[in-house]
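The figures that follow rest on heavy atoms only: side chains count, while hydrogens, waters and symmetry mates do not.
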Amino acid sequence: MDVTTDAAAPWLIVGLGNPGPEYAGNRHNVGFMVADLLADRVGGRFKRAGRAQAQVLEGRIGPPGPLNRRVVLAKPMSYMNLSGGPVNALRDFYKVPVGHVVAVHDELDIDYGVLRLKLGGGDNGHNGLKSMTKAFGAEYHRVRFGIGRPPGRMQVADFVLKDFSSAERKELDYFLDRAADAVEALVIEGLERAQSTYNS
């Protein structure tokens, strides 16, 4: 699998989540929330992709000149555990190297609102990542948005498919904004510089 990063190749930024209004505010849908915020910044609207089961938006981020990057924002519409198929179809269509794919997703093992950026690695039980890795390998970037562990004896599946609590929602906009900043920094400045700023 080609993991080289051609500087001229577009970046595919994938917000992971589940389609449908009943899931919109769930912790598991934080990737969709960040993708929507990035779409606002790019100044466009998501449209249904042709053959890929996803919503996409093409645009550019970064200052004018050599740091300006062509990006494809995507939200798979396949449900979380089948994300790999739509993402791989988009990757093929837009000719995106694996190293230019960025998955934005919820992360149980990180405290709420904390970010971690990395390249490659395991899926840590996350079904969206598992599906992507099965489709085209693990050497893509991840922007991991901490949601913390479920309280008491609550099952993980129940926790991730619940909306953020009222206390969490007070800070959610700030954390989403910071996550969108981190995605932009990763694409424009590279992983190491973005990690030094956002891996708190």
Exercise. For Gly84, does its backbone N or O pair with a side-chain atom of Ser131 as donor and acceptor, under 3.5 Å?
Worked result: yes

Problem set entry | Path from Val183 to Leu172 over hydrophobic side-chain contacts below 4.5 Å | yes

Problem set entry | Main-chain N/O of Leu117 paired to Asn199 side chain as donor or acceptor, under 3.5 Å | yes

Exercise. Which pair of non-hydrogen atoms, one from Leu37 and one from Ala180, has the smallest distance, and what is that distance?
Worked result: CD2-CB, 3.9 Å

For this session: Answer yes or no on whether Arg178 is positioned over the face of Tyr198, meaning its NZ or CZ is under 6.0 Å from the six-membered ring centre and within 45° of the axis.
Result: no

For this session: Tell me whether Val101 is reachable from Phe32 by hopping between hydrophobic residues (I, L, V, M, F, W, Y) whose side-chain heavy atoms are closer than 4.5 Å.
Result: no

For this session: List the steps, then state whether side-chain contact (heavy atoms from CB on, under 4.5 Å) holds for Trp11 with Val102.
Result: CA-CA 8 Å; Trp11 286 78; Val102 182; 3.7 Å; yes

Problem set entry | Qualifying ring pair (Phe, Tyr, Trp, His ring centres under 6.0 Å) pairs, either residue in residues 51-74, two or more places apart | none

Exercise. Around Arg48, counting heavy atoms of other residues, nucleotides and ligands shown, do more than 12 lie under 6.0 Å from its CZ?
Worked result: yes

Exercise. Thinking salt bridges, do Arg69 and Glu184 make one under a 4.0 Å N-O criterion?
Worked result: no

Problem set entry | Results of side-chain hydrogen bond (donor to acceptor under 3.5 Å, both in side chains) for Asp36 - residues two or more places apart only | Lys75

Exercise. Looking only at atom types and distance, does a side-chain atom of Arg116 sit under 3.5 Å from a main-chain N or O of Gly146, one as donor and one as acceptor?
Worked result: no

Exercise. Of Leu90, Val87, Asn18, which is the lone residue that meets side chain to side chain contact (heavy atoms under 4.5 Å, CB included) with Pro76?
Worked result: Val87

For this session: To the nearest 0.5 angstrom, please state how far the CD atom of Glu107 sits from the CZ atom of Arg142.
Result: 10.0 Å

Problem set entry | Side chain Asn124, main chain His126, donor-acceptor under 3.5 Å | no

Exercise. Do any N or O atoms from the side chain of Asp163 and from the backbone of Asn26 form a donor-acceptor pair under 3.5 angstrom?
Worked result: yes

For this session: Tell me whether Leu108 is reachable from Leu161 by hopping between hydrophobic residues (I, L, V, M, F, W, Y) whose side-chain heavy atoms are closer than 4.5 Å.
Result: yes

Exercise. Could you give the distance from NZ (Lys162) to OH (Tyr23), rounded to the nearest 0.5 Å?
Worked result: 12.5 Å

For this session: Measure from the side-chain N and O atoms of His105 to the backbone N and O of Gly15, and report whether any donor-acceptor pair falls under 3.5 Å.
Result: no

Problem set entry | Joint cluster assignment, Val56 & Phe136, ILVMFWY side-chain distance < 4.5 Å | yes

Exercise. So, do Leu73 and Val42 sit near enough that their side-chain heavy atoms are less than 4.5 Å apart?
Worked result: yes

Exercise. Any donor and acceptor pair, going by atom type alone, linking the side chain of His28 with main-chain N or O of Gly17 inside 3.5 Å?
Worked result: no

For this session: Measure from the side-chain N and O atoms of Ser196 to the backbone N and O of Arg193, and report whether any donor-acceptor pair falls under 3.5 Å.
Result: yes

Problem set entry | Donor-acceptor contact present, side-chain Asp111 to main-chain Gly148, <3.5 Å | no

Exercise. Could you state the interatomic distance from CG (Asp181) to CG (Leu186), rounded to the nearest 0.5 Å?
Worked result: 12.5 Å

Exercise. So Tyr140 and Leu129, side-chain contact (heavy atoms from CB on, under 4.5 Å) or not? Walk me through it.
Worked result: CA-CA 10 Å; Tyr140 53 91; Leu129 299 181; 3.6 Å; yes

Problem set entry | From CA spacing to verdict: side-chain contact (heavy atoms from CB on, under 4.5 Å), Leu176, Phe145 | CA-CA 9 Å; Leu176 292 173; Phe145 186 109; 4.1 Å; yes

Problem set entry | Contacts of type ring-ring contact (aromatic ring centres under 6.0 Å, His included), residue Phe175, not counting sequence neighbours | Tyr112

For this session: Please indicate whether Glu58 has more than 12 foreign heavy atoms, meaning atoms of other residues, nucleotides or ligands, lying under 6.0 Å from its CD.
Result: yes

Exercise. Is the count of non-hydrogen atoms from other residues, nucleotides or ligands lying under 6.0 Å from Glu22 atom CD greater than 12?
Worked result: yes

Exercise. Does Asp109 come within less than 4.0 Å of Arg149, counting only side-chain N to carboxylate O?
Worked result: yes

Exercise. Under the 3.5 angstrom rule, does the side chain of Asp106 hit a backbone N or O of Ile147 as a donor-acceptor pair?
Worked result: no

For this session: Assess whether atom NZ of Lys118 is packed by more than 12 heavy atoms of other residues, nucleotides or ligands within 6.0 Å.
Result: yes

For this session: Test the Arg91-Tyr94 pair against the cation-pi criterion, namely NZ or CZ under 6.0 angstrom from the six-membered ring centroid and within 45° of the ring axis.
Result: no

For this session: Enter the distance from Arg45:CZ to Asp40:CG here, rounded to the nearest 0.5 Å.
Result: 10.0 Å

For this session: For the pair Arg41 and Asp177, find out whether any cationic side-chain nitrogen is under 4.0 Å from an anionic carboxylate oxygen.
Result: yes

For this session: Show the numbers, then the answer: is there a side-chain contact (heavy atoms from CB on, under 4.5 Å) between Arg70 and Ile61?
Result: CA-CA 7 Å; Arg70 182 179 162 219; Ile61 63 174; over 6 Å; no

